[in-house]
Amino acid sequence: MSDATHNNTTTTTTTRDRGGNGGLAFIVGVLVVVVAVLGYVIFAGGVPVATGDGGADLNITVQGDGGGAPAAEVSGGGDK
């Protein structure tokens, strides 16, 4: 009787993809910059905060020599 010999060879190749995260790194970098700018604006007082009373008072004085333009005549809406 003949003996059957079976040689089974299995080769396993494992690859790891280590690239392709450039887009994610860019997005995370942009988010870090945005948070840093917002933190600076909030804590350094870069943006004025409105108060509940409408802000500071503003007084305007206009001075002239009294020789202004003549007053316009008002029409009474009469017949034309």
Side-chain angles (χ1 to χ4, degrees):
M1 202 183 228
S2 67
D3 290 330
T5 304
H6 300 286
N7 290 329
N8 292 333
T9 305
T10 304
T11 304
T12 304
T13 305
T14 304
T15 59
R16 299 177 95 183
D17 185 19
R18 295 187 181 255
N21 289 332
L24 181 62
F26 179 75
I27 292 172
V28 170
V30 168
L31 290 175
V32 168
V33 170
V34 168
V35 168
V37 169
L38 285 175
Y40 175 77
V41 168
I42 290 171
F43 293 115
V47 177
V49 178
T51 59
D53 63 354
D57 292 334
L58 176 64
N59 296 321
I60 299 175
T61 303
V62 178
Q63 296 178 351
D65 62 356
E73 296 182 18
V74 177
S75 78
D79 297 322
K80 292 185 178 185

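All values below come from the heavy atoms of this structure, side chains included, with hydrogens, waters and symmetry mates left out.
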_Holding to side chain to side chain contact (heavy atoms under 4.5 Å, CB included), I want the full list of residues that pass it with T13, two or more places apart in sequence or in another chain._
T11, T15

*side chain to side chain contact (heavy atoms under 4.5 Å, CB included) with T61: which residues, sequence neighbours excluded?*
Q63

_Holding to side chain to side chain contact (heavy atoms under 4.5 Å, CB included), I want the full list of residues that pass it with V35, two or more places apart in sequence or in another chain._
none

*Gap between atom CG of N21 and atom CZ of F26 - 0.5 Å precision*: 15.0 Å

*asked:* Using the rule that Ile, Leu, Val, Met, Phe, Trp and Tyr join whenever any side-chain heavy atoms are under 4.5 Å apart, tell me whether V34 and I42 fall into a single cluster.
replied: no

